[in-house]
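Only one structure is covered here, and it is reproduced in the block below.
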Protein chains: 2
Amino acid sequence: MADINIIELAKDLNLSKSTVSRAFRNNSGINKETKERILARARELNFTPNHHASNLRIQKSNTIAVIVPEIANNFFSKAINGIEQVAKKNGYSVLICLTDDEFEKEVSFVQNLSNGKVDGIIMSVSGEEQDHSYLKMLQKKNIPLVFFDRVYEDIETAKVTTNDYESSFLATEHLLQQGCKRIAYLVVNKNLSIGKTRMQGYLDALDKYGIETDDNLVVDCSNELTQNISILSDTFSKLRPDGVFASVERLAIATYYTCMELNISIPEQVKVIGFSGLEIAPLLNPALSTIIQPAYNMGLEAADVLFKILADDETKADFATRKVVLNSELIQRKSSAVGTM
Amino acid sequence: MADINIIELAKDLNLSKSTVSRAFRNNSGINKETKERILARARELNFTPNHHASNLRIQKSNTIAVIVPEIANNFFSKAINGIEQVAKKNGYSVLICLTDDEFEKEVSFVQNLSNGKVDGIIMSVSGEEQDHSYLKMLQKKNIPLVFFDRVYEDIETAKVTTNDYESSFLATEHLLQQGCKRIAYLVVNKNLSIGKTRMQGYLDALDKYGIETDDNLVVDCSNELTQNISILSDTFSKLRPDGVFASVERLAIATYYTCMELNISIPEQVKVIGFSGLEIAPLLNPALSTIIQPAYNMGLEAADVLFKILADDETKADFATRKVVLNSELIQRKSSAVGTM
DNA sequence: TTGTAAGCGTTATCAG
DNA sequence: CTGATAACGCTTACAA
């Protein structure tokens, strides 16, 4: 109940509330000394203007939302880190929304956020095969949207992605050059555009090297480790691939666990490469060859684009449909090496 | 500009805004049919009540903040995951604040949040040696605070921690039982209570086994990998420890990198154990012995306590100073094994 | 430079 | 069950 508002502070200082209000804004014409006096007293009384009142008044929340499938994940936590850094610099707060990869939650978050709670949204999507018209609402309400990594192709908005096709092509080509003939492609959801794009790189590389595609070698996995191990055990025993290309980090890990269980030696019996940002890839047994996405920088870029749109100057329209493509980096390590190193 | 408010919606429906408002609350006495009619029309027009207006009115934000040193980190990202799950279930949003381990940012976040922006705060602290009186403000403004993992001992509030002393004691004892005589304790900041507590477990275990303490074996590291490698290289060449107990994950990783560089073999020349929640600890070369903190569950617990306090019933006071201690789990793997496995 | 007053879009109280 | 009206705490023309 020790709550104090601008009126009481004004009374305390024998000023009007408008003058006090001005002290908290930079632009307004106000006497330097009165301003000092006000701020000093405010500090004493622990007063700062109520967020909701001023947000209501100025129709702005100074908050952005990040909607992602998960957070306990190398890639997303780094991306969020990047986003938060930019937000902090701009005086914005960051709301975290985890969809758990469920489209319904994504929709419900967006709906819940569209009433002024946030000024903009950065999202990595979870419902490619669904109806995306619910996003129209954001446009109507003038809430800018930036996609990163996982995007909806049919929605025309700002997007920050990586060169997935090229990376996948190169990764597959790398395995081929190391002598692999039967390369398995592991994917979590074939229908996600990101899975498709990466798969296309894989397919085209095979094609370039004149390798026949075996549909069974495209393995649909899940997000659950034990389940993946069982799926992969099956694949390994039935199809005996000599190479594995994991389209996401957790599938590379599942591959390692499976090989450990089945006593399959990497890279002698099967060579492995995967998308992954693990700092400890070199410490794995054996060191894992990786394609590293610049997760942190993607966050930075996505946030940068969003704030450019929010800045609302002439360039705004330009950024509203901006496409940024960052490059991933392929690093060869022992898991895809020839012979015994 | 397609923005619609409750008044226009009311006009559209030939009703008063109070009736329309009631349709969006559950409790209020309102005719079922009119309510349906209102909600239907609202859906058509994409209307839901403005957040700031209602927050201002009801003096509540339905938002909590999580203040942590970093997010691109196994432990914190899992904890946040837990927190978000609980928040979502309670209809709350989660604001993420990253202090980058800087006390000033922590203070500035708390100050910024204390004006109604959030209803409660969950925090893992970054300024043990600083003045914590700034937190008094939260009490005055009736914003509940729950600490987790890293806490301020001098602040009486709800706390969720793990049994750090016991875990450290057991980890050190484990190394001793494996035959180590010169065990290094790696810590990022000796002054943090969490570092102190863990160190005490280490010291007491040494004592129990009649091992003289060598102050040089308590190694103060940083958060930066390359820096840590150089610090550890120094330690290894000068002090030749036969055991390493890493008080946080990144120091276990730094130890591995250092040993790799110096060609020191784990566990033959030095046995290693560390706090870590890495799913891939078994896949490292060699598999890393770990003490696993229940990060996700800590998040769950911390959020549970916070919402119990926010529920504001008789038990509130009880939870406001609740102490929850969860157990970590020690898992022995090859990095601390005897002989060559 | 400061003060007055009109809103921002809700919700809650009180009549009807 | 519904409607009028007064807050909630702040910002911003406009006036002084």
Side-chain angles (χ1 to χ4, degrees), chain A residues 1-39 41-42 45-63 112-119 141-142, chain B residues 1-39 41-42 45-63 112-119 141-142:
Chain A
M1 208 31 268
D3 250 16
I4 186 178
N5 62 24
I6 204 172
I7 298 189
E8 298 179 45
L9 179 57
K11 268 184 197 142
D12 179 284
L13 288 158
N14 262 69
L15 288 168
S16 78
K17 59 175 179 170
S18 25
T19 308
V20 175
S21 174
R22 278 188 267 261
F24 290 95
R25 245 133 292 318
N26 319 322
N27 45 345
S28 357
I30 181 177
N31 185 304
K32 254 235 150 95
E33 283 167 27
T34 36
K35 178 170 179 176
E36 289 308 324
R37 197 161 64 92
I38 294 170
L39 292 180
R41 187 71 182 128
L45 300 175
N46 277 325
F47 172 83
T48 51
N50 177 287
H51 270 286
H52 302 305
S54 56
N55 288 346
L56 172 60
R57 186 56 235 250
I58 68 183
Q59 304 281 55
K60 199 161 163 297
S61 66
N62 290 307
T63 304
N112 188 247
L113 294 171
S114 61
N115 311 103
K117 187 145 197 175
V118 299
D119 297 340
K141 306 225 172 180
N142 254 305
Chain B
M1 210 27 274
D3 251 15
I4 186 178
N5 61 24
I6 204 171
I7 298 189
E8 297 179 45
L9 179 57
K11 269 186 198 143
D12 180 282
L13 289 157
N14 263 70
L15 289 166
S16 77
K17 60 175 178 170
S18 11
T19 308
V20 174
S21 175
R22 278 188 267 262
F24 289 95
R25 246 136 290 339
N26 317 321
N27 46 343
S28 357
I30 181 175
N31 185 304
K32 236 192 171 140
E33 283 168 28
T34 37
K35 178 170 179 177
E36 289 307 326
R37 198 160 65 91
I38 293 169
L39 292 179
R41 186 73 181 127
L45 300 175
N46 277 325
F47 171 83
T48 51
N50 177 288
H51 271 285
H52 301 305
S54 61
N55 288 345
L56 172 60
R57 189 55 238 250
I58 67 182
Q59 304 280 56
K60 197 160 164 298
S61 67
N62 290 307
T63 304
N112 188 245
L113 294 171
S114 62
N115 312 104
K117 186 145 197 176
V118 299
D119 298 339
K141 307 224 172 182
N142 253 305

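Reminder, nothing fancy here: chain letters follow the sequence lines and each chain counts from 1.
Per the geometry, CD1 belonging to A:Ile6 stands 5 Å off P belonging to D:dC10, to the nearest Å. At whole-Å resolution of the value, CZ in A:Arg37 and P in C:dT1 are 15 Å apart. In this structure, B:Leu56 places its CG atom 9 Å from C1' of C:dC8, rounding to the nearest Å. The interatomic distance linking B:Glu36 (CD) with D:dC1 (P) rounds to 14 Å, in whole Å. Atom CD1 in B:Ile7 sits roughly 12 Å away from atom C1' in D:dA4 (whole-Å rounding). Rounded to a whole Å, the CD1 atom of B:Ile38 is 8 Å from the P atom of D:dT2. Atom CG in A:Asn50 sits roughly 18 Å away from atom P in C:dC8 (whole-Å rounding). To the nearest angstrom, P of C:dG7 lies 24 Å from NE2 of A:His52.
For B:Asn5, a side-chain nitrogen or oxygen approaches OP1 or OP2 of C:dG9 to under 4.0 Å. A close approach under 4.0 Å does not occur between any side-chain nitrogen or oxygen of B:Gln59 and OP1 or OP2 of D:dA7. Of the side-chain N and O atoms in B:Ser16, one or more sit less than 4.0 angstrom from OP1 or OP2 of D:dG3.
With sequence neighbours excluded, no residue satisfies salt bridge (charged side-chain N to carboxylate O under 4.0 Å, His left out) with B:Arg37. Every residue meeting the side-chain hydrogen bond (donor to acceptor under 3.5 Å, both in side chains) condition with B:Thr48, not counting sequence neighbours, appears here in chain and number order: A:Asn115. Residues meeting the side-chain hydrogen bond (donor to acceptor under 3.5 Å, both in side chains) test with A:Asn62, sequence neighbours left out: A:Lys60. Partners of A:Ser54 under the side-chain hydrogen bond (donor to acceptor under 3.5 Å, both in side chains) rule, at least two apart in sequence or in another chain, do not exist in this structure.
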Dump the pairs, protein N or O against N or O of nucleotides 12-16 of chain C, anything under 3.5 Å, distances to one decimal.
{"from": "C:dA12", "atom 1": "O4'", "to": "B:Arg57", "atom 2": "NH2", "distance (Å)": "3.2"}

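At distances below 3.5 Å, at least one donor-acceptor pair connects side-chain atoms of A:His52 with backbone N or O atoms of B:Gly116.
For residues 4-18 of chain A, the pairs satisfying side-chain hydrogen bond (donor to acceptor under 3.5 Å, both in side chains) are A:Asp12-A:Arg41, A:Ser16-A:Ser18, A:Ser16-A:Thr19, with sequence neighbours left out.
As judged by a 4.0 angstrom heavy-atom cut-off over every strand, B:Phe24 is placed among residues making no nucleic acid contact.
Out of D:dC10, D:dG9, D:dG3, the shortest distance to the side chain of B:Thr19 is found at D:dG3. Relative to the side chain of A:Ile30, the nucleotides D:dG9, C:dT2, C:dT10 differ in distance, and C:dT2 lies closest.
In the model, A:Ser61 has a side-chain atom that pairs as donor or acceptor with a side-chain atom of A:Asp119 under 3.5 Å.
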